[in-house]
Each structure stands twice: as structure tokens, then as C-alpha cells.
Peer 1: 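Sharing a structure below in C-alpha cells format, with a few things to ask.
Just so it is clear, the model here is predicted, and its values are computed rather than measured. Worth knowing before you read on, the calculation uses all heavy atoms, side chains too, and leaves out hydrogens, waters and symmetry mates.
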Amino acid sequence: MSIAVHLRSIGRGASGSQALSAAAAEAVMGDVLDGRASAAETGAFVMAMRMKGETLDELVGFLAAVHARSVTVPSTRPVVLIPSYNGSRKLPNLTPLLALWLAREGLHVLVHGPLAEPTRVTSAAILADLGLLPVLHPQDIARAWSRREPAFVPTGVLCPPLQQLLDLRRLIGLRGPGHTVAKMLDPVQGAPTLRLVNHTHPEFGALMSAWAQRERIDAVLLRGTEGEPVADPRRQPRIDTWLAGEARPELSVPAQDGVLTELPLLPRATDAACTAVYVQEVLSGMRPAPPPLARQAALIVAATAALAQRRGALELSA
């Protein structure tokens, strides 16, 4: 069935469009991912959603369609999910530092995102310079975890049709709903997951908070750094933790106010090689970690411990 009937609902502009139900959104995204929608329809879908903006029901439906077409990652312990889809331009991309820090603490860390972005420094490139190559087979994820390393899995491995949808950005120059859903992705089965979700606009942050609350999601929400879900090394951002859909103030921090009095020591350049050297120096203790990142890592460790404790209590009561 053509998705044109749904395009007529969502494609009437910001004031005239109508939102899709969760079921309709799942069906439309399924047609797009499975190639049943034509190239013209898919492009129109991306553009229409970009102009209209996604509702919570639409995102839930889109995510269900993506999950139905994604590989599954088994785990017996809580997993920290880090979507890394933006990379960096002006500041160093410190998502790999956060991922390695958490893995060193003994957490199972799964990073996912593109292998490359033409104008940005990706986490994949930095991790590769650190000797951590992308995981191309899901069964190799457990091996990385056994070495206390984060596993970087390309989106094209987790969900190939989603990566094809993301690749449309190079043709039309705009992000679409696929980029939003990718940040919400959870391929893990058998264990709870703590999703790190970045937002750049207050409206999207509110939408993600509503999602966490309504769908009982375990998530750490923050205004990230250049679109990456890592705390700005220069200033503490607001971080909100949600566990099972409930806000956890004791695992959250407010944004830093006032004028900056001190800047952290950062890499002299933002390319992958210089950033990799900086990451090694921080992890070895040669350089101090940026306080906002250290605080974010501590919150994630504490939140993951709460997930493990909750799972143990549920198993005892079963």
C-alpha cells in the first residue's frame, strides 16, 4: 500500500498537518525501511516530517518499526547505550572518552552510530585510532565487554535499512526522523538498558522526558556537546536521569550558572588522532578529566547500579 495517504496528512505544513497515530507511524516507517515506499515517497516523508516535527506517538511508532528490523544484542547485565551520530566540528569529540571510562568501571557499553561523516570527527574514527575497531558481527560484542572495552557497532550492522534512511541526508541536506529514532534505539535483550539521549533544543528535551515517563524508559537526558551525548567539558550541563519512567533527582545535576572561571585542558586540535592521544592521557592519569564529564560518568555508574539492584529485586520476587 502506498504511503501517499499518510503523506497527505503530514505534508500540509506546520499549521495544516495532522499527526500520525503510533500504529500508522509504525506502518509508514515499516514501508520506508522495507523499500515498499518509492524513492519519491521516502524523500517526501523525510521532508514532511522535518517541517512538521515528530510527536511522541509518531516517535514510538517509528521506533517500533526500527526495533522489528534490528538485530538483537543479548546481555545478562545492564548495558549503557551511547548513540553517537553527530561527531564534532569545533570541540573535541569526547564520547569515546566517556565510553572507555564507563567500560573501565566494569559496565557493558554499547556505542552505535555511523562509521564516517564528511565534515565531522566521528567516535568510530577516534576509537579506531585507539585500537578499537568497529564490531561487525553482533556475537563479537560480548568479547569486547569481556575485555572491559566499549563495543562500537555501526548502525548499518544493527539495522541496515535504518542506515539507508540516514544516508538520505547526503542527498537532501536535512536530517529526518531516522536520526531521532536512532538516538532512541535499544537492541539489547535480556537485560535493562540505560540510554544516553542528547538534545539540542529545550522542546526536544521535553519530548524525550515525556517519552521516558510514558514508556517507563531508563535514560540519562542532557544537552550534549555538538549533538553528542557527552557533557560539555567547559561547563556543566543539566543532566536528568529517569529510571522506569520516574525522575531521579539524586541521580541528576542542574546546569552550571555564572561566568566560567577556569577552562579545562583540552586537545590542541580536534582531529581523531589528537583526540585519541588526549583520551589516553586522561585515562592514564596524565591529564585531569574535565569535571563535567567526570560528574556525568559518576551519575551513569550510579544509575546503572540502581538498574542492577532493581533487576535483582525483581528476580528474587519472581
Peer 1: Kindly state each residue pair satisfying ring-ring contact (aromatic ring centres under 6.0 Å, His included) with at least one member in residues 192-216, sequence neighbours excluded.
Peer 2: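 Residue pairs with at least one partner in residues 192-216: there are none.
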Peer 1: Any salt bridge (Lys or Arg N to Asp or Glu O under 4.0 Å) pairs touching residues 96-124, not counting sequence neighbours?
Peer 2: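 Not a single pair qualifies under salt bridge (Lys or Arg N to Asp or Glu O under 4.0 Å).
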Peer 1: So, His67 side chain and Asp186 main chain: donor-acceptor pair closer than 3.5 Å or not?
Peer 2: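 Looks like yes, one N/O pair under 3.5 Å.
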Peer 1: What do you reckon, is CZ of Arg238 surrounded by more than 12 foreign heavy atoms closer than 6.0 Å?
Peer 2: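 Incorrect, the count does not exceed 12.
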Peer 1: When you measure from the side chain of Asp271 to the backbone of Ala273, do you find a donor-acceptor pair of N or O atoms at a distance under 3.5 Å?
Peer 2: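 Yes; at least one donor-acceptor contact below 3.5 Å.
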Peer 1: Any side-chain donor paired with an acceptor under 3.5 Å for Thr122 and Asn93?
Peer 2: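 There is no such pair (donor and acceptor under 3.5 Å, judged by atom type) between the side chains of Thr122 and Asn93.
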Peer 1: With the threshold set at 4.0 Å, does a side-chain nitrogen-carboxylate oxygen contact exist between Arg214 and Asp57?
Peer 2: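 A salt bridge is present here (some side-chain N lies under 4.0 Å from a carboxylate O).
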Peer 1: Would you confirm whether Gln296, through its side chain, and Ala231, through its main-chain N or O, come within 3.5 Å as a donor-acceptor pair?
Peer 2: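 Yes, Gln296 side chain to Ala231 backbone: donor-acceptor pair under 3.5 Å.
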Peer 1: Could you check whether Glu226 and Ser88, counting side-chain N and O atoms only, form a donor-acceptor pair closer than 3.5 Å?
Peer 2: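 There is no such pair (donor and acceptor under 3.5 Å, judged by atom type) between the side chains of Ser88 and Glu226.
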Peer 1: Would you say Thr270's side chain and Lys90's backbone share a donor-acceptor pair under 3.5 angstrom?
Peer 2: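 Absent.
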Peer 1: Donor-acceptor check, side chain of Arg216 to backbone of Ala212, threshold 3.5 angstrom: yes or no?
Peer 2: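 Here the side-chain-to-backbone pair does not exist.
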Peer 1: Does Cys159 offer a backbone N or O that forms a donor-acceptor pair with the side chain of Ser70 under 3.5 Å?
Peer 2: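 No; zero donor-acceptor contacts below 3.5 Å.
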Peer 1: Please lay out, stage by stage, how Thr275 and Leu97 fare under the test side-chain contact (heavy atoms from CB on, under 4.5 Å).
Peer 2: CA-CA 9 Å; Thr275 304; Leu97 173 57; over 6 Å; no
Peer 1: Does any N or O in the side chain of Gln189 come within less than 3.5 Å of the main-chain N or O of Val73, such that one atom is a donor and the other an acceptor?
Peer 2: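 No.
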Peer 1: Between the side chains of Arg248 and Asp218, is the shortest nitrogen-to-carboxylate-oxygen separation below 4.0 Å, so that they form an ion pair?
Peer 2: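 Here Asp218 does not pair with Arg248 in a salt bridge, since their nearest N and O are not under 4.0 Å apart.
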Peer 1: How many angstroms lie between NE2 in His108 and CD1 in Ile141, if you round to the nearest 0.5 Å?
Peer 2: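 Between atom NE2 of His108 and atom CD1 of Ile141 there are 11.0 Å.
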Peer 1: Relative to each other, are the rings of Phe45 and Phe62 parallel, tilted or perpendicular (30° and 60° limits)?
Peer 2: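 Phe45 vs Phe62 ring planes: perpendicular.
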Peer 1: Do Lys52 and Glu58 sit within salt-bridge range, that is, some charged N less than 4.0 Å from a carboxylate O?
Peer 2: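 The answer is yes: the pair qualifies as a salt bridge.
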Peer 1: Could you walk me through whether Val197 and Met184 satisfy the side-chain contact (heavy atoms from CB on, under 4.5 Å) test, starting with their C-alpha distance in whole Å, then the side-chain angles of each, then the deciding distance to 0.1 Å, before giving a yes or no?
Peer 2: CA-CA 7 Å; Val197 182; Met184 303 163 69; 5.6 Å; no
Peer 1: Hydrophobic clustering (ILVMFWY, side-chain heavy atoms < 4.5 Å, transitive) - are Leu110 and Leu307 grouped together?
Peer 2: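 No, because Leu307 and Leu110 fall into different hydrophobic clusters, even though each may have its own neighbours under 4.5 Å.
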Peer 1: For Thr155, give me all partners under side-chain hydrogen bond (donor to acceptor under 3.5 Å, both in side chains), at least two apart in sequence or on another chain.
Peer 2: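 Scan of Thr155 (side-chain hydrogen bond (donor to acceptor under 3.5 Å, both in side chains), adjacent residues dropped) gives Tyr85.
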Peer 1: What's the spacing between Glu215 CD and Leu59 CG if we round to 0.5 Å?
Peer 2: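 Between atom CD of Glu215 and atom CG of Leu59 there are 10.5 Å.
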Peer 1: Between Thr225 and Asp232, is any side-chain donor less than 3.5 angstrom from a side-chain acceptor?
Peer 2: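 Distance-only check fails for Thr225 and Asp232.
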Peer 1: Counting only N and O atoms by type, is there a donor-acceptor contact under 3.5 Å from the side chain of Ser75 to the main-chain atoms of Arg77?
Peer 2: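 Present.
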Peer 1: Any carboxylate oxygen within less than 4.0 angstrom of a Lys/Arg side-chain nitrogen, looking at Asp167 and Arg169?
Peer 2: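 Result for this pair is no, no salt bridge flagged.
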Peer 1: Can any side-chain N or O of Gln163 pair as donor or acceptor with the backbone N or O of Pro114 at less than 3.5 Å?
Peer 2: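 Here the side-chain-to-backbone pair does not exist.
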